[in-house]
Structures are given as C-alpha cells and as structure tokens.
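Throughout, protein chains are lettered first and strands after them, A, B, ... in sequence-line order, and every chain is numbered starting at 1.
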Amino acid sequence: MLEVRDLDVFYGDAQALHGMALRVDEGEVVTLVGANGAGKTTTLRAISGLQKVARGDITFEGKSIVGRPGHTRSELGISLVPEGRELWPSLTVLENLELGCYAKSARKHRDESLERVFDLFPRLHERTKQLAGSMSGGEQQMVAIARGLMSRPRLLMFDEPSLGLAPVIVTQVFAIIRRLAREGLTILLVEQNLKKALEVADRGYVVETGSITMAGPARELLSNEGIRAAYLGL
Amino acid sequence: MGQVLALAISAVLLAGFYASMAYGLGLIYGVLRVVNLAHGGMIMASAYLSWVLFTRFNIDPYLAIPIVMVVFFVVGVAMYKGLVRFLPRGAAGGVQSLLLLFGVWLVIRNIAYLLFTGDDQAVRTSYSTASISIFGNSYSLNRVLVFVISLVAVAVLQLWLSRTYTGKAVRAVTENSGSSTLVGIDVERVYALTFGVGTALAGLAGVLASTLFAFNPSFGSGELLKSFVIIVLGGLGSVVGIAVGALVLSFAEIFAIYVVPSYLTAAVGFVLLVVVLVVRPSGLFGAKVLR
Ligand SMILES: Nc1ncnc2c1ncn2[C@@H]1O[C@H](COP(=O)(O)OP(=O)(O)OP(=O)(O)O)[C@@H](O)[C@H]1O
Ligand SMILES: [Mg+2]
C-alpha cells in the first residue's frame with residue numbers, strides 16, 4: 001500500500017533522513033521506533049507532503065506521490081495524527097472535526113463520519129462547542145485522532161500519540177488504535193513507548209540517525225536482546 | 001445634552017465606515033502576517049473607479065459596489081500570485097514586504113496622477129445633499145447609507161468566516177497551516193483568496209469614501225493610518241475588536257472638538273495609537289486571532 005524508497009531529506013544543510021526505506025501493506029499495523037531525533041517525524045512529514053524530499057520515492061497504492069502538493073494527500077486516503085496534536089485551538093471541537101473532512105470526497109460523508117468518531121469518542125459528543133484549546137491534553141489527543149479519521153483515510157499515521165499523557169489515557173489511546181486495526185484500517189505508528197507499540201503492531205522498524213537499522217515482525221523485535229537493552233532498559 | 005447625542009450618532013455613523021475600511025487590512029494581516037501598505041492606495045484607486053463609473057457611465061456609486069468589489073478581488077488575487085506570494089512572512093520578512101507594498105502604493109498613486117491629475121474630485125449624485133433625521137438631528141443620507149452598507153459587509157464577512165467551509169479554512173490556516181495542509185486545504189489558495197477578499201474590502205471602502213469625501217491621488221494615506229490605529233486598538237483580525245477599535249477612534253476624533261482646536265482633531269487617532277502601543281502593545285483586546 002505504502003512504500004518509501006531510499007529517501008533523503010534535509011533541513012537546510014543538515015541531513016535528517018539518509019536512504020530511509022519502509023513498506024506498509026494493506027491491513028497491517030506497522031510501527032516505527034527509535035530514539036529522539038532519529039527521523040521518525042521527518043519520515044511521516046515527508047509521506048504527508050509537509051516536508052520536501054531531496055531524493056528517493058514514496059508510492060501509495062502503486063502511484064508515486066513525491067512532489068505532489070501536500071494538500072492532495074487527504075484526498076488520496078492518507079491521514080496523519082501529528083506529533084503534539086496540532087489542533088486549531090480557538091476553533092471549536094466540532095469545527096476541528098468538520099475541517100477533518102474538508103477534502104471533497106470526505107465532505108459528502110460528513111454526518112456519517114461524525115457519527116463514527118462520536119461512537120469512538122463519546123466524550124467529544126458532549127464537548128462539540130468547546131474550544132479545542134481549552135481541553136485537557138488527553139481530550140485534545142482524542143480530537144486529533146478523531147480529526148484524522150474524519151477524512152475516511154485508508155492509511156492512518158500516528159506520531160507519538162501517547163506523548164505527555166497520563167497512563168490511563170495512554171491505555172485508552174492504544175485501545176483505540178487496536179480497535180481501528182481490528183476494523184481493518186492500515187496503520188503506521190510512530191512511538192517512543194516501544195513496548196506498547198510493538199505489542200499492537202504486526203511489524204516494526206527501528207530508525208537510527210535517519211535510516212532503518214533493524215526490521216522484522218513485532219514479536220521478534222520485542223524479544224530481541226539488543227532492543228531490550230537499548231530501548232527497554234532490560 | 002442634545003449636542004452630545006448628535007455627536008455620538010455622528011461618531012457611530014463614522015465608525016461603520018472606519019470598520020469596513022480597517023477590516024481588509026486586519027484580515028490580510030491576521031491570515032498572512034503581511035501589512036498591506038498598499039491598502040490606502042487601493043482605497044484611493046477604488047474611489048476613482050467609482051468616480052469614473054459615475055461620471056462616464058452614469059452608474060450610481062451604490063450600484064457600482066458589486067462591480068468594484070469583483071474588480072478589486074481579482075486585482076488582490078493577482079497581486080498575491082504575482083508579488084506577495086514571494087515575500088518572506090512575519091517578523092523576519094517585515095521590512096521587505098513593507099517596502100515592496102509601499103512601492104506598489106507609490107506606483108498606484110503616480111498612475112492616478114497621470115490619469116486624473118492632482119485635482120480634487122467628488123461623486124455628486126442627485127441625492128448627495130439629501131438628509132435623514134435621527135432623534136431630531138439631521139444627517140446626510142450618504143452617511144447613513146455608508147453606515148448601513150458597512151455593517152452589512154462586516155456581518156456578511158463574519159458569517160462567511162464562521163459558517164462556511166471556506167471561511168473555516170481561512171481561520172484554520174491562520175492558526176495552523178501545517179494541520180490545514182493535512183486535512184486537504186490548499187493553503188496557498190486560501191492566502192490568495194484572503195488577499196483578494198481584503199482588497200475587495202479596500203474597494204468597498206473606496207466607493208463608500210467617494211460618496212462622502214472629495215479625493216485626489218494622495219487620498220488614502222489618512223485612511224491607511226486610521227486603519228492601523230483601529231486594528232492596533234482592536235487586536236488584529238478580531239471582528240468585535242475592529243468594531244470597538246473603530247468606535248473608539250471615531251468617538252475620540254469627534255469628541256476631541258471639546259478639548260482641542262478643530263485643526264488638531266485629525267491627530268487624535270495617532271495620539272491614541274501611541275498611547276495604546278505604549279500601554280498595551282497587544283491592543284485593547286490582545287492579539288486574538290479571527291473568531
Ligand atoms: N524544523 C527543523 N529544522 C531543523 N532541523 C530539524 C527540524 N526538525 C527536525 N530536525 C532535525 O532532524 C532530525 C530528525 O528529527 P525528527 O523530528 O524527525 O526526529 P524524531 O525521530 O521524530 O524525534 P522525536 O522522538 O524527538 O520526536 C533531528 O536531528 C532534528 O534535530
Ligand atoms: Mg518526532
């Protein structure tokens with residue numbers, strides 16, 4: 001479904017990705033793990049069209065999407081729940097969600113999509129008129145996930161959805177990811193919480209300084225001695 | 001007491017015009033973080049367009065409003081695509097964009113001198129001297145019409161921003177352009193549209209001004225400065241703020257006749273600006289974004 005090949009990305013003169021490569025097949029949950037500054041966010045931003053790519057290719061459902069304007073991703077079926085939520089704080093929860101289905105193909109299904117996300121996050125239903133910026137961190141993450149779903153994506157990418165949240169909320173977020181995966185959504189998950197991420201994922205990639213250093217079934221990575229020592233402190 | 005009421009009504013009528021004049025500048029700054037120094041030039045050019053339509057084609061200035069606004073919308077979009085798009089934004093790019101847009105203003109002004117000379121012009125319709133009585137005082141019909149049209153314009157804009165998908169996209173881009181791209185908003189298109197709408201509002205202000213004042217190619221500099229005062233007073237880009245900023249300015253100007261000689265009232269706005277910048281640099285309402 002998604003294939004990233006040999007990707008180089010620069011911030012000014014500093015190279016953030018060195019030949020990044022990964023693949024996500026339809027219906028899979030794939031996780032991308034790695035230390036701070038490894039290039040996980042940069043990879044997701046490049047796939048989303050927010051970051052210019054210097055070299056390499058990104059294909060989605062067989063078609064190259066590199067070089068196409070960022071705002072066309074949503075129409076293609078790619079959605080990102082960005083790191084740090086990135087809501088529109090002075091817009092209401094409902095407006096945040098409505099804008100999630102801004103793309104023409106998604107707008108037709110506005111009511112259906114709203115019903116679906118309210119079913120997933122009943123709390124948001126009671127808060128539609130509240131300003132997004134006045135919600136708690138956990139609630140904001142729910143809005144961000146709900147907004148990401150409003151475009152009816154076929155590939156949903158999460159960038160550190162558990163960042164800065166209380167343990168109870170983290171458990172809820174992962175429960176939602178599990179549920180979406182069960183319903184057949186294809187997911188690319190970036191997480192610092194390596195253990196939780198590898199538990200929900202089918203496959204995983206380990207990123208170090210802009211390229212993949214290890215890949216394999218999530219279960220194998222979870223029991224890998226090197227990973228346990230480096231990332232789990234075991 | 002009677003005189004106070006009469007002056008207060010005058011101030012409210014004037015505030016309507018001020019709000020429509022400042023809205024375009026505030027909208028463009030709020031969304032693009034670019035101070036459109038050409039705003040005053042656009043107001044002047046639009047006053048001339050209204051004058052030409054009236055004197056050559058016999059089109060009533062109020063009926064000319066839709067035509068003028070469409071023309072200025074197109075001009076604004078073209079100006080964005082051909083010029084403003086390439087400018088650095090925000091604090092870092094401030095000087096470049098100020099200089100360039102100031103240059104645009106000079107060009108517009110000199111073209112106006114070439115085409116129309118420096119003579120004062122005015123749009124005089126059959127009802128230019130008609131008046132209306134409000135609470136026993138009479139006001140010129142034009143001033144009342146200008147007030148009503150300004151209110152309608154600001155209300156329509158507000159509804160557009162708060163109710164329509166496109167309006168919501170404009171607000172979304174203002175707050176977070178990255179997230180806007182993610183949900184499929186073409187951010188560049190929103191910028192062009194906003195510049196077009198802001199310029200169309202300058203066009204509206206120009207037509208309205210042409211019915212109230214005599215003008216020449218230097219017209220618009222006072223209007224630009226007053227627009228600054230209003231958005232600084234009111235906070236950038238908030239509708240309520242702009243309305244209040246316009247009221248504060250018009251009341252200050254009109255009631256200043258009690259305290260300063262009449263030839264100094266024009267300076268009142270700028271004194272107000274300096275005071276606010278010193279006391280509350282974020283404006284009376286803080287730098288709230290579009291709501
Ligand atoms: N806007 C930017 N300008 C310059 N350098 C950047 C920028 N964003 C990221 N970088 C650099 O690119 C590299 C990769 O950053 P990236 O944000 O992709 O890492 P990450 O894996 O998501 O890290 P984290 O786990 O901290 O979120 C880092 O060295 C970072 O310093
Ligand atoms: Mg990151």
Original post:
Which atoms of A:R147 come close to chain B, meaning under 4.5 Å heavy atom to heavy atom: side chain ones, backbone ones, both, or neither?
Top reply: side chain
Original post:
Can you tell if the side chain of A:H71 reaches within under 4.5 Å of the side chain of B:E188, non-hydrogen atoms only?
Top reply: no
Original post:
What heavy-atom pair brings A:E86 and B:S179 nearest, and what distance separates the two atoms?
Top reply: O-OG, 2.5 Å
**OP:** Would you mind telling me which of A:P89, A:G49, A:S79 has the largest number of heavy-atom pairs within less than 4.5 Å of chain B?
**Re:** A:P89
Original post:
With a 4.5 angstrom heavy-atom cut-off, which part of A:E75 approaches chain B: side chain, backbone, both or neither?
Top reply: neither
**OP:** Flag yes if more than 12 heavy atoms outside A:E61 fall under 6.0 Å of its CD atom; otherwise flag no.
**Re:** yes
Original post:
Heavy-atom distance under 4.5 Å to chain B: side chain of A:L80, backbone, both or neither?
Top reply: both
Subject >> Gap separating the CG atom of A:N96 from the NZ atom of B:K168, nearest 0.5 angstrom >> reply: 10.5 Å
Original post:
Looking only at heavy atoms, which two atoms of A:L99 and B:A172 are closest? And how far apart?
Top reply: CD1-CB, 3.6 Å
**OP:** Decide yes or no for A:Y102 and B:S180: does some side-chain heavy atom of the first lie under 4.5 Å from some side-chain heavy atom of the second?
**Re:** no
Original post:
What part of A:P153 lies closer than 4.5 angstrom to a heavy atom of chain B: side chain, backbone, both or neither?
Top reply: neither
Original post:
Does CZ in A:R179 sit with more than 12 non-hydrogen atoms of other residues, nucleotides or ligands closer than 6.0 Å?
Top reply: yes
**OP:** State whether the number of non-hydrogen atoms from other residues, nucleotides or ligands found under 6.0 Å of A:E115 atom CD is greater than 12.
**Re:** no
**OP:** Examine distances only and state if a side-chain atom of B:Y165 and a backbone atom of A:R107 form a donor-acceptor pair shorter than 3.5 Å.
**Re:** no
Original post:
Between A:W88 (side chain) and B:E175 (backbone), is there a donor-acceptor pair under 3.5 Å?
Top reply: no
Original post:
Do B:L182 and A:S74 come close enough that some side-chain heavy atom pair is under 4.5 Å?
Top reply: no
